[in-house]
Amino acid sequence: MDRIHQLKQFALEEPDDAFNRYALALEYLKTDPLEAGKIFEKLMSSHPDYLPTYYPYAQLKVEQKDNDGAERVFQLGITMAKTKGEVKTLKELQAAYGDWKYEIS
């Protein structure tokens with residue numbers, strides 16, 4: 001069974017488990033970034049407090065040259081990390097955001 005099929009099965013078996021959808025999105029990043037983006041977007045709406053979503057999704061938006069989307073995802077992730085008191089994640093997101101803003105200026 002290929003990895004995507006297996007991860008889809010996990011997501012069907014446990015639809016409320018954010019990690020299963022996150023793992024599926026990461027796998028799709030390798031072959032189908034548009035599908036990965038759809039899954040990341042659903043994760044942000046259904047599990048906004050699942051912090052691992054924000055960094056790879058923001059990076060995907062950067063790679064797609066979607067500056068408005070990248071800005072939105074970075075800002076939402078930074079806000080959520082502050083809200084949850086997740087200092088390490090906050091620093092990672094702020095550093096990536098700062099690097100990206102520097103690159104596009």
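What you see is a predicted model; the values in this text were computed from it and never measured.
Taking a cutoff of 4.0 Å between a charged side-chain nitrogen and a carboxylate oxygen, K101 and E71 qualify as a salt bridge. Salt-bridge formation is not detected for the pair K91/E86: no Lys NZ or Arg NE/NH1/NH2 atom is positioned less than 4.0 Å from an Asp or Glu carboxylate oxygen.
A 4.5 Å side-chain heavy-atom check between P56 and L26 finds at least one atom pair inside the cut-off. Looking at heavy atoms from C-beta onward, L7 lies out of side-chain contact with N20 at the 4.5 angstrom threshold. R21 places a side-chain heavy atom less than 4.5 Å from the side chain of P15. At a threshold of 4.5 Å between non-hydrogen side-chain atoms, the residues L34 and Q64 count as touching. Annotation: side chain of D49 is not in contact with side chain of T83 (no heavy-atom distance under 4.5 Å).
Residues that satisfy the side chain to side chain contact (heavy atoms under 4.5 Å, CB included) test with E92, not counting sequence neighbours, are K88.
Partner E27 forms a side-chain hydrogen bond (donor to acceptor under 3.5 Å, both in side chains) with one of R3, K8, Q6 and no other, that one being R3.
The structure places CD of Q94 at 12.0 Å from CG of D99, a figure rounded to the nearest 0.5 Å. W100 contributes atom CH2, which lies 13.0 Å from atom CG of L93 (distance to the nearest 0.5 angstrom).
Sorted by first and then second residue, the pairs that involve residues 50-73 and meet ring-ring contact (aromatic ring centres under 6.0 Å, His included), not counting sequence neighbours, are Y22-Y50, F40-Y57.
There is no path of hydrophobic side-chain contacts, each under 4.5 Å, that joins I39 to V73. Under the 4.5 Å side-chain heavy-atom criterion for grouping Ile, Leu, Val, Met, Phe, Trp and Tyr, L90 is connected to M44 within one hydrophobic cluster. L24 is not connected to L60 by any chain of hydrophobic side-chain contacts under 4.5 Å among Ile, Leu, Val, Met, Phe, Trp and Tyr, and they are in different clusters. With hydrophobic clusters built from ILVMFWY side chains whose heavy atoms lie under 4.5 angstrom apart, F10 does not share a cluster with L43.
The shortest heavy-atom contact between A58 and A70 is O-CB, 4.1 Å.
No hydrogens or angles considered: nothing links the side chains of Q59 and E63 as a donor-acceptor pair under 3.5 Å.
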Evaluation steps, side-chain contact (heavy atoms from CB on, under 4.5 Å), between I4 and T31: CA-CA 10 Å; I4 286 179; T31 59; 3.9 Å; yes
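In K84, the NZ atom is crowded: over 12 heavy atoms of neighbouring residues, nucleotides or ligands sit closer than 6.0 Å.
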